[in-house]
Amino acid sequence: MTSRACPCGLPRSYDACCGRFHTGAGSAPTAESLMRSRCSAFVKGDAGYLLRTWHPQTRPERLELDPRMRWTGLEILDTTDGSAFHTAGTVTFRASYRGGSLHERSRFERVGGAWVYVDGDFLD
């Protein structure tokens, strides 16, 4: 698996990119890197990682992923704040899947020093 490209769209292997966050070997240093790792988790069907990186106040009790869903790409359209110097940030993205795409502006915050997904607004 080390030679396979990361589903987040960056030119690195999955293991060297988002895979290390999924295994707990590292944590996402920015809101954008968390967004990318969460997209990769959707591709990989890693509901546990998605729940662990969800804000405790907005996290669902369970997450059922559709195994038939085929995510095909991610395009980051805009970021606001979300660096090592911030406590909050937004990432606007378009995630493509077989048959359509999802356009969202996601909000992220730091909880206990780690970036987590809060919620998002669907855009046209």
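Being a predicted model, the structure only gives us computed values, none of them experimental. Note: hydrogens, waters and symmetry copies are ignored here, and every other heavy atom, side chains too, is used.
- A salt bridge links Arg107 and Asp121; the closest N-O separation between the charged side-chain nitrogens and carboxylate oxygens is under 4.0 Å.
- Listed by chain and number, the residues in a side-chain contact (heavy atoms from CB on, under 4.5 Å) with Thr58 are Trp54, His55, Val118 (sequence neighbours excluded).
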Assess whether side chain to side chain contact (heavy atoms under 4.5 Å, CB included) is satisfied between Val91 and Ile76, documenting all intermediate values. CA-CA 7 Å; Val91 179; Ile76 302 296; 3.9 Å; yes
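- The two residues Leu65 and Asp46 make their nearest non-hydrogen contact at CD1-N, 4.1 Å.
- Counting heavy atoms from C-beta outward, Lys44 and Pro7 have side chains that approach closer than 4.5 Å.
- With sequence neighbours excluded, no residue forms a salt bridge (Lys or Arg N to Asp or Glu O under 4.0 Å) with Glu109.
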Step by step, would you call Thr92 with Leu123 a side chain to side chain contact (heavy atoms under 4.5 Å, CB included)? CA-CA 9 Å; Thr92 304; Leu123 306 172; 3.8 Å; yes
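- For the atom pair OG of Ser101 and CG of Leu74, the computed distance is 11.5 Å after rounding to the nearest 0.5 Å.
- Looking only at side-chain heavy atoms (C-beta outward), Leu51 and Pro60 come within less than 4.5 Å of each other.
- Closest heavy-atom contact between Arg110 and His86: NE-O, 2.9 Å.
- Evaluation of the salt bridge (charged side-chain N to carboxylate O under 4.0 Å, His left out) test over residues 29-39, restricted to residues two or more places apart or in two chains, returns Glu32-Arg36.
- Looking at every heavy atom in both residues, Ser106 comes nearest to Glu104 through OG-OE2, 2.6 Å.
- Proximity of a side-chain donor or acceptor of His103 to a complementary backbone N or O of Asp124 within less than 3.5 Å is detected.
- Taking hydrophobic clusters as Ile, Leu, Val, Met, Phe, Trp and Tyr residues chained together by side-chain heavy-atom distances below 4.5 Å, Leu102 shares a cluster with Val43.
- For the residue pair Pro29 and Phe21, the shortest heavy atom distance occurs at CD-CZ, 3.9 Å.
- Smallest separation of non-hydrogen atoms from His22 and Ser37: NE2-O, 2.8 Å.
- Here Asp66 pairs with Arg68 in a salt bridge; the nearest charged N to carboxylate O distance falls below 4.0 Å.
- Counting only heavy atoms from C-beta outward, the side chains of Thr53 and Trp115 never approach each other to under 4.5 Å.
- Taking OH of Tyr117 as the start and CG of Leu50 as the end, the distance is 10.5 Å to the nearest 0.5 Å.
- In the model, Tyr14 has no side-chain atom that pairs as donor or acceptor with a side-chain atom of Ser40 under 3.5 Å.
- Around the CZ atom of Arg59, the shell of radius 6.0 Å holds more than 12 heavy atoms that belong to other residues, nucleotides or ligands.
- Atom OG1 of Thr79 is separated from atom CZ of Phe108 by 11.0 Å, given to the nearest 0.5 angstrom.
- Hydrophobic clustering, with ILVMFWY side chains joined whenever heavy atoms are under 4.5 angstrom apart, keeps Phe122 apart from Leu77.
- Of the possible polar contacts, one joining the Arg70 side chain to the Pro67 backbone as a donor-acceptor pair under 3.5 Å is found.
- Of all heavy-atom pairs spanning Ala95 and Trp71, the tightest one is CB-CZ3, 3.7 Å.
- Note on Leu63: it clusters hydrophobically with Tyr97, by side-chain heavy-atom contacts below 4.5 Å among ILVMFWY residues.
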